[in-house]
2 protein chains.
Amino acid sequence: MEGNDKLTEDKIFEAATTVFEEQGMTGARMQNIADRAGINKALLHYYFRTKDQLFDAVFSKLAQKMFQKFSPIFEENLSLEDKIRFFIKEHINFLKENPKLPGFIIHEINRNPQRIKKMLRNVDFKILWSAILKHHSDELGDYNITEENLPQIMTTIVSLTVFPFAARGLIEVIFSNVGVDFDKYIEERKEFAAEFVIKAIKK
Amino acid sequence: MEGNDKLTEDKIFEAATTVFEEQGMTGARMQNIADRAGINKALLHYYFRTKDQLFDAVFSKLAQKMFQKFSPIFEENLSLEDKIRFFIKEHINFLKENPKLPGFIIHEINRNPQRIKKMLRNVDFKILWSAILKHHSDELGDYNITEENLPQIMTTIVSLTVFPFAARGLIEVIFSNVGVDFDKYIEERKEFAAEFVIKAIKK
DNA sequence: GTCTATAGAAGGATAGAC
DNA sequence: GTCTATCCTTCTATAGAC
C-alpha cells in the first residue's frame, strides 16, 4: 500500500517535528512521538531505524525551511526600503506559523555546531552578500550601508524578527505583567521593526 | 570540615553550570558533572539529592545573574543616549563572559515556561517601566518614545545584544564563509547597536 | 564527607507473530 | 506494514563501608 505507506511516514514525521521542536533531541521520547502519531514505537524504527536518523530528517527539513525564507533578500525586485519592509513582514508571518522554530534551531546548533556547518558547506555567502550591494548600488548613496557594516546590519534585521519568538516564554511573562498582548505586539512589530531599521540606516 | 564542605559544593555547582549550559537539563548527565567536578556520582546526590534540584539551583542562579544585568536601565544617572550606550556596552561585555547563557535560558524557558513565571511572580514590571519614562521625562520630547511603543523599543535593544550570542553557532559559520571574525564583530557591535538605536528613536 | 557497588527505572531498539 | 513482547543499555538514585 504505497498510499498508506506515505501517510504513516508523514504522520510520524509530523509528530516527531512537534516533539523535537518542543523538547529538543535529548528531551524527546520515542514513546511520546509514537503516541502522538497514533502508532507504536516499533513502527518508528521500521521507518527511520534510529532516533538519531529521525532527528536528522526533522532537523534538516526545518533548517531548510528556515533558510528558504531568506531568499527574498536576494531576489525580489524592490527598492531597498520596500525590500526591508517586505522581508520583515513576511519573515514575521512565517515565524507566527512556526513560533517554536527559532528556539529549536538555536538550541540544536549550540548543542552540535558541526551539523549546520556540514549543511552549509557548499553555500557561498560571499557571493550572496555582494549581490545585495550590487543589486541596490544606485541607492546606496542614500544609506549608511557598506561591505564593512553589512554583517552588523544583516544580523540586526534578523535579530529584530527572530528574537521575540526565541525568547517568547520570557517576554510573555513580562508583557502579561505590564498588560501587553504578545500577538498584538508581534503584529505591530512588522511596521515598527521595518521603520526602525530604515530610519537608522538613512543618511 | 566546613571549609572543605563549601569547596566541594562549589566545585559541583560550577561543573553542573558548565554541563547544563552546554547540554541543557535533558542532555546533561550526572556522570559527566561528577567527572568534571573531580568527584563521584554519589556525592552529587549527597549535596543536591536529585538532578532536578541541582538543575533548579543552577538555573535560578543563572537567571538571577542575567536579570541583575538589566538594573542599570533603571538606576544609572545618565542621559537617555548615554544610558543606551552604557547598557549595550556593559551587556555585551557581560555576554562575552557568559556566551552560553542566552541559548541556555531560551531553551529551558521554552521547555518549561512555568519555572520563570514562578521566579518573576513578585516583580512589578509596570512600575519599573514607567520609572524609565519618568526618569527621562524632560528628554522625551526629542525622541519617539511613548508608553505605547516602549515594549517594542525595550525588546529591540535586548534583541540587538542577545541574539548574536544565542545564534552564535549559526552566525559563526556564515561569518567564516564571508571572512568576518565573530569576536571583532562583537566588539564593533557595542558602538554599532547603540548608535543604530539612538538614530532610530531620534525625532 | 567520600567512596564502591548496585538497585531500579526509563528509554532505545529488536524479534517474531500476524 | 503493523503489532506485542522483550531485550539491553543507559542513567538516576541509594545502600553501606570507610
Side-chain angles (χ1 to χ4, degrees), chain A residues 1-62 104 107-108 110-112 114-115, chain B residues 1-62 104 107-108 110-112 114-115:
Chain A
M1 292 167 198
E2 285 285 315
N4 196 15
D5 196 23
K6 240 325 169 221
L7 213 74
T8 302
E9 192 170 335
D10 285 354
K11 273 196 300 184
I12 293 173
F13 194 87
E14 265 177 55
T17 300
T18 307
V19 174
F20 281 133
E21 273 195 335
E22 270 170 18
Q23 312 287 341
M25 163 65 184
T26 59
R29 295 290 167 257
M30 294 296 265
Q31 186 63 60
N32 190 355
I33 295 172
D35 292 348
R36 229 171 236 278
I39 48 102
N40 61 70
K41 268 198 302 181
L43 259 194
L44 296 183
H45 293 283
Y46 175 80
Y47 280 100
F48 292 91
R49 286 204 55 79
T50 67
K51 185 186 180 185
D52 237 57
Q53 285 184 46
L54 177 54
F55 176 78
D56 266 359
V58 169
F59 180 84
S60 300
K61 180 69 170 291
L62 291 182
F104 171 73
H107 175 64
E108 296 302 340
N110 286 343
R111 213 176 49 85
N112 180 6
Q114 290 314 110
R115 203 191 307 272
Chain B
M1 293 168 200
E2 286 284 316
N4 197 15
D5 195 24
K6 245 305 165 241
L7 213 74
T8 302
E9 193 170 334
D10 284 354
K11 273 196 301 186
I12 293 173
F13 194 87
E14 264 178 55
T17 300
T18 306
V19 174
F20 280 134
E21 272 194 335
E22 269 170 19
Q23 311 288 341
M25 161 67 185
T26 58
R29 294 291 168 257
M30 294 297 265
Q31 185 64 59
N32 191 354
I33 295 172
D35 292 348
R36 229 170 233 278
I39 47 101
N40 62 70
K41 270 196 303 179
L43 259 194
L44 296 183
H45 293 284
Y46 175 79
Y47 280 100
F48 292 91
R49 284 206 58 80
T50 67
K51 184 186 180 184
D52 238 58
Q53 284 184 45
L54 176 54
F55 176 78
D56 265 359
V58 169
F59 180 84
S60 300
K61 179 71 171 292
L62 290 181
F104 170 73
H107 175 63
E108 295 303 339
N110 285 344
R111 214 176 49 84
N112 180 6
Q114 288 317 109
R115 202 190 309 270

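In what follows, chains carry the letters A, B, and so on, assigned in the order in which the sequence lines appear, proteins first and then strands, with residues in each chain numbered from 1. Just so it is clear, the structure is predicted and the values come from calculations on it, not from any experiment.
In the set D:dA13, D:dT14, D:dT2, D:dT2 carries the atom at the smallest distance from any side-chain atom of A:Y46. Closest approach to the B:H45 side chain among C:dG12, D:dA13, D:dC3 is made by D:dA13 (side chain taken as heavy atoms from C-beta onward). Of the candidate nucleotides D:dT14, D:dT12, D:dT2, D:dT12 has the atom nearest to the side chain of B:R29. When the nucleotides D:dT12, D:dC3, D:dT14 are ranked by their closest atom to the side chain of B:R49, D:dT14 comes out on top.
We find that CD of B:Q31 is positioned 13 Å from C1' of D:dA13, with the value rounded to whole Å. The separation between A:Q53 atom CD and C:dA13 atom C1' is 12 Å, rounded to whole Å. Distance CE (B:M30) to C1' (D:dA13): 8 Å, rounded to an integer number of Å. Atom-to-atom, CG of B:D35 to P of C:dC3 comes out at 12 Å; the value is rounded to the nearest Å. One atom, CE of B:M25, and another, C1' of D:dT12, lie 10 Å apart when rounded to the nearest Å. Summarising the geometry, the separation between CD1 on B:I12 and P on D:dA13 is reported as 14 Å, rounded to the nearest angstrom. Rounded to an integer number of Å, the gap from NZ of B:K41 to P of C:dA9 is 16 Å. Rounded to a whole Å, the CG atom of A:L43 is 15 Å from the C1' atom of D:dA5.
The base of C:dG11 lies outside donor-acceptor range of the side chain of A:K51, with no N or O pair under 3.5 Å.
Side-chain rings of B:F20 and B:F104 stay apart, their centers remaining 6.0 Å or farther from each other.
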*Any chance you could lay out the side-chain hydrogen bond (donor to acceptor under 3.5 Å, both in side chains) test for B:N112 and B:E108, step after step, and finish with the verdict?*
CA-CA 6 Å; B:N112 180 6; B:E108 295 303 339; over 6 Å; no

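Using cut-offs of 30° and 60° on the angle between ring planes, the pair B:F48 and B:F13 is tilted.
No donor-acceptor pair closer than 3.5 Å links the side chain of B:Q23 to the backbone N or O of B:R29.
In terms of phosphate contacts, A:Y47 brings a side-chain nitrogen or oxygen within less than 4.0 Å of OP1 or OP2 of D:dT2. Between B:T8 and C:dG1 there is no side-chain polar atom (N or O) within less than 4.0 angstrom of OP1 or OP2. Dashed line: the shortest gap from a side-chain N or O of A:N40 to OP1 or OP2 of D:dC3 is under 4.0 Å.
Residue contacts for A:L44: at a heavy-atom cut-off of 4.0 Å it reaches no nucleic acid atom on any strand shown. Across all strands, B:A34 comes closer than 4.0 Å to no nucleic acid atom at all (heavy-atom distances).
Distance check: A:T26 OG1 to A:K51 NZ gives 7.0 Å after rounding to the nearest 0.5 Å.
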